[in-house]
Every structure is written in C-alpha cells, then in structure tokens.
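Throughout, a chain's letter reflects where its sequence line sits, starting with A, and its residues are numbered from 1.
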Protein chains: 2
Amino acid sequence: MVNFCAGLLYVWSSEIEILEVELMEDKTTDQSSTELKIFEAAREVFQAKGLEGARMQEIADKAEINKSMLHYYYRSKAKLFEKVYQLSIIKVIPKIAELLNENLPLEQKLRSFVDKYLEIVKANPDIPLFVLHEMNKDPNRLRNFMIDQIGKKVQPFLQQIREEREKGNTVDLPAEQIMVNIMSLMIFPFIARPVFKTILDKDDEGYEAFIEERHRILPDYVVSIVMKKSS
Amino acid sequence: MVNFCAGLLYVWSSEIEILEVELMEDKTTDQSSTELKIFEAAREVFQAKGLEGARMQEIADKAEINKSMLHYYYRSKAKLFEKVYQLSIIKVIPKIAELLNENLPLEQKLRSFVDKYLEIVKANPDIPLFVLHEMNKDPNRLRNFMIDQIGKKVQPFLQQIREEREKGNTVDLPAEQIMVNIMSLMIFPFIARPVFKTILDKDDEGYEAFIEERHRILPDYVVSIVMKKSS
DNA sequence: ACAAAAATTAACCAAATGGTTGAATTATTT
DNA sequence: AAATAATTCAACCATTTGGTTAATTTTTGT
C-alpha cells in the first residue's frame, strides 16, 4: 500500500519533514528498494534537466523499472519533483545557518564554515544550479519552506560581523556584502563549471583538481579578505 | 518570404553570426516589426523558464501575435531557442576576453573590468543563470561557438597575472583561482538573487539597492584582494 | 498451503504541445 | 488598378507525454 506520500501534506512542518527525509536516508542502504531506486533516478534526472526537461520515462529507465511504478509510489510527476526539490534544498540550505551559528570567534568560524560547506557542496555539486534554476522559475514554490530552513537564522552571524567591523577587525564592508562574497566564492565554481572548463581549457579530471586546490586555498583566503590585517 | 534564417547554418562562423546579430539590434528601433516582437518575447520566456519550460503559446501571447507567426518567422521552437541562446551568450561572454585584453597595467585593468562587466550583467541580469542552466543540460550545444567567443582568449590575462605574481605584486594564488574569484564575486549575486532575497530579507527594491552598493564597492575591493599591498 | 495484500507490468488513454494548412488580408510592384 | 508577394490568422493535425487500468506475479501473514 502506498501511504508514505501523506507526509507531503506537511511540507511546511519542518520537523515532520526532516524526520521523513532521514527515514529516507536510512533506506539508502537497502539498494533493492524500488522506491529508493526511483527517487535516486529522479534526483539525477531532475537535477540535470530541471522539472520540465525531465521525462518520466527517462527516470523509469534509469531506475530500471516500469513507468507505472513511478505513479504507484509517487502519484505524479509534480509530487515526485517536489520531494526531490525539497530534499535538495534541505541538503544545502540549513547547513549554512547551522555552521554560521556555532559559538566561535569570527576568524575561526569563517575558516571552519568555508571548509565544511565546501565539503557539502562537493558532495552535492549539482544541487546549487538545480535549486537556483527552479527557484528562479517559480520563486514562490517552497518559499515558506526556504524561509523556515534559513529565514532570519543568519542574522546573528551578520550581527557578529557588524560587531567585529565596529572594533575595526574586519575589512570595511557591510556585513551583507561580506556574506555574499563568501557564498559567491564557494558556490559559483560549481554552477559555472561548464563555462570555466571551457575558459580554462580543462577536462573533468583537471576541473576536479582545480576544485580540490580551491578547497585547500579558500578557507585561509576568505579569512584574509574579510579580517583586517593588524598592521 | 522567410529568408533570414539561413544565417543559422553559419552558427560556427563568428563573423557572419555577429553581423546578423547586429542587424537584429538595429531592428530593435523598429518597434512594429513582428519578427522583433517575437524575438523579444522569446528571449524573456526562454530566459525565465528555459528551453523545455517555455511554451510557444506563451511566447506568442507575450508578443501579441498568432502562434503560427512563430513558425512563419523561426520555423521551429528549436531554431527560435537557438537564436535566443546564441545572442545571450554573445551578450555576456565575448566582453570578458575583450575587456581583459585591453592594454593596461593589472590594477587599472581589474578596476575597469569589474566596473564595466558589472554594467553589462546589470543590463542582462537573467542571462547568466539561463546560459549556465542550458549549458549544464547540454554542454555540447554551441560549445564550439563558446570556444570561438572566448576559448583561449583569456590566456594573455592569466599570463599577465602570473607575471605580476612573480614580481610579488599580487596575492599568492594561482592566476586561474584569481580569475574564478573575480567572476564569482561579480556574477553569483545575480544568479542567486531569489535565495539572497530570502536570506537577507529584501524586496525587489532592496535587492536592487544592494546590487548598486555592490557595484560601487566591488571594483576597489577586487583590486584589494588581488593586488598585494606594498607594506 | 492458502488467502490476502503488495508489487509489477503491458496496454491504453487523454491532455498538452509543437507544428501545419489554406484561406483571408495587407502591402508591394508594375 | 491589377497582379503578385508577403503577412496574418483560425482551425486542424500528429506526436509526445503524464497518467490510468486491469491483469499478473510476488510477497506476506496465518
């Protein structure tokens, strides 16, 4: 019987939703689970081609099951997409606020944030472009969910920057600009991968190495361009 | 008679293509031109929703013409899309190499590049996400065209950075990382607009102001994080 | 071992969507 | 002004595509 879809009704209730997501993660070990094979295939196809670019048949083929199973487990393309979209957001958005609200002095926090968040994006390199494309098409879809996940949770971090700026410990930029700088430096290379591969004349392996180098460099570099050198 | 589509056959020949594009720009003044009204509508819809997300009917409605006219002037959705995609690339990619190859000392060049390129992106804020999404879906489509437009044209600039780095005038990072840093800081805020609007709790007007502030700040800031302070 | 439930499939269906056609209208040419 | 060419449109068409159904196989519970 198909009954686990009921959870979709509670999209706006973070707690229930996150529980469900973790349940799903657990199932990942069970490779034979048709439901998971479908979800995994859907994730790949949706993230690569977007909602409208994805074909149900392609998802079925990738999952090696009959197309009817998609509807048996997920009812409709819209429902399946919503789950993929939701999980994608959960994987990359809440961690931002979480990492930024650790109780650390600014410099340490920056270094740790950049290092750990790059780890997350490296593990989910297709999510940023996917989420931003879908969010751009329809800014209202899951907007409340987004707000739940991050909303005003970064305000304490911005406040921390402002305080350090007052003390003259940071570069003389508004906290919001600094925040956007940091996110840009981390995420954009994953979004613009095909362009940079062309511009920098790299193959997959070469770009992989480029990203690794970046991961090594960026934590210190971000600190250096945010914190004011004591001179 | 429909004859101007012939140019599409020469996609790989930059010169002919650019000529055609400029011809098109000229027509922009002729507001009554159905062909242009269609193209303008197609540009908006494709850039907002992507190839598969766009509906021919929606383009026709936005252009205030009968759907048949789309095919009369552009033959097919694929052909119309290709033109929009191509022009989008032309508007944001070649300028990079062009601005970076002006004969200027590095510091001046950086300041000028960031200022002028931000102007371009501000005038075409939807293009980066659109192009990157389409390029991600199908990295081979117009790949040769891309290579023509920028290809190895940024190598001289990378070389310039390397030379200045040797002389100890820049921060101690590989030239490629510096280049990616600069592009990230400029472009990402346009791509991630819906997320940043949520995170920073801004409305359209507020985000516009944020971008303006950024435009004012960034040229100097980029210089400051690339060039080594003489201390 | 049997019955009930769950999972799976092939064949089909209906709506959406890109595309075509032929007639009607407007503009151009001579 | 007549004839020719270009433009526009309403009605249609064909394919793609998301979705359904009914029958079959597999699993589970007793």
Phosphate OP1/OP2 of C:dT20: any B:S68 side-chain N/O under 4.0 Å: no
By ring pair (Phe, Tyr, Trp, His ring centres under 6.0 Å) - contacts of B:F210 (at least two apart): B:Y207
Between the protein and nucleotides 23-28 of chain C, which nitrogen or oxygen pairs come in under 3.5 angstrom?
none

Going by side chain to side chain contact (heavy atoms under 4.5 Å, CB included), name the residues that satisfy it together with A:S68, two or more places apart in sequence or in a different chain. A:N66
Do B:F145 and B:Y85 have ring centroids that are under 6.0 Å from one another? no
Rounded interatomic separation in angstrom, taking CD1 from A:I38 and C1' from C:dT9: 13 Å
Please state whether the phosphate of D:dT8, meaning OP1 or OP2, lies under 4.0 angstrom from any side-chain nitrogen or oxygen of B:Y73. yes
Sidechain N-carboxylate O distance under 4.0 Å for A:D126, A:R193: no
For A:I147, check side chain to side chain contact (heavy atoms under 4.5 Å, CB included) against everything at least two apart and list the hits. A:R143, A:N144, B:T198
Nearest-Å distance for atom pair CD/P, residues B:E35 and D:dA6: 14 Å
Cationic N near anionic O, under 4.0 Å, A:K137 to A:E134: yes
Contact list please: residues 52-66 of chain A against DNA chain D, heavy atoms, distance less than 4.0 Å, in numerical order. A:A54, A:R55, A:M56
Nearest whole angstrom, please: distance from the C1' of C:dT9 to the CE of A:M69. 9 Å
For A:K49, check salt bridge (Lys or Arg N to Asp or Glu O under 4.0 Å) against everything at least two apart and list the hits. A:E58
Just how far, in rounded Å, is P of D:dA23 from OH of A:Y72? 17 Å
d(NE2, B:H71; C1', D:dC9) in whole Å: 14 Å
